[in-house]
Amino acid sequence: MQIIRSVSEMKAFSEKLFREGTPTVFVPTMGYLHEGHASLFRRAKQVHPVLIASIFINPIQFNSREDFEKYPRSEERDLEILKREGVNIAFLPPASEVYPQQPGIRISYPALTEGKLCGATRPGHFEGVLHIVHNLFLWTKPAAAVFGEKDYQQFLLIARMAQELDLGVTVYSAPTIRESDGLAMSSRNARLSASGRREAIRIFHALSLGKNGMDSGSSLDEVRQAMLEPLQPLKVEYADIFHPDTLTPLQERAEEYLLAVAAWVDGIRLIDNFLIRKPH
Ligand code: PAF
């Protein structure tokens, strides 16, 4: 595995691969890697054999300095995982090169963020994500990229950005990987206390009850009520059923939908969702 720590070196390398006609696939991460990331790497390898993965904790997508500073870090362990998973190029750019100046440009997608899911309570978060992903795409020049469905709103925004700005990157999603009790894997889980870890499972229960309700023909109000029940002890930001393309709350029952929850456990904000699509 080649480790690249500068933007100029990454650009030169990806340019060379591009000229040679070698398509690459890219998985951006913020490190503290777990099985969820490993599944993205495996999915990516099925798309193209040359895999670039980045580790960069993007300061401009955090809503508080504290959250950014508390984000778990473990570079040595991460590099071992990247190697084990067959990543060909690990890109770890320094913040000074990623943001030589405070970015003034904003890439925003108001229709899918304003008042919608995480966009409603995390002002500027998705602008920060789109900014870094846009630049990482420019620097790594991949033919394809893979994102986790756990961050479904993020995936949708990135897929739309790639399409509308014609970035030449095909954006794929990969299913959420769960602990044996159902908790969605996330780097943030590492910060949960033992009791918080037990409470966190309520999010999966809420989604499961929502899905059961949809399967058994309950009304949307009944489904919404059923989802809220297990979440009672938590501070809930949203727990609802959305249209998977517009992210607006469903007005009537539909075959395709997104059940999604954001809730706080131990002062840590956790999100999860079930995406229900008809087989095409
Ligand atoms: O999902 C993440 O880990 C981040 O939001 C991403 C896509 C790497 C951008 O910083």
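Counting starts at 1 for both ligands and their atoms, following the listed order.
By the criterion of a heavy-atom distance under 4.0 Å, neither the backbone nor the side chain of I158 is placed next to ligand 1.
Ranking protein heavy atoms by distance to atom 3 (O) of ligand 1, first place goes to M30 CG, 3.6 Å. Among protein heavy atoms, atom 2 (C) of ligand 1 sits closest to Q154 NE2, 3.8 Å.
Between R277 and E149 there is no salt bridge, since no side-chain N of the basic residue sits under 4.0 Å from a carboxylate O of the acidic one.
Less than 4.0 angstrom separates some heavy atom of I132 from each of these atoms of ligand 1: 9 (C), 10 (O). Counting the atoms of ligand 1 from 1 in the order shown, those under 4.0 Å from a heavy atom of P28 are 8 (C).
Counting heavy atoms from C-beta on, the side chains of K150 and S186 come closer than 4.5 Å.
Taking the six-membered ring where the residue is Trp, the centroids of F147 and F155 are separated by 6.0 Å or more.
Checked against P142 for a side-chain contact (heavy atoms from CB on, under 4.5 Å), the options L51, V169, V27 give a single hit: V169.
An N or O contact shorter than 3.5 Å links Q61 to ligand 1 by distance.
Using the six-membered ring where Trp is involved, W139 and F91 have ring planes that are perpendicular, over 60° apart on the 30 and 60° scheme.
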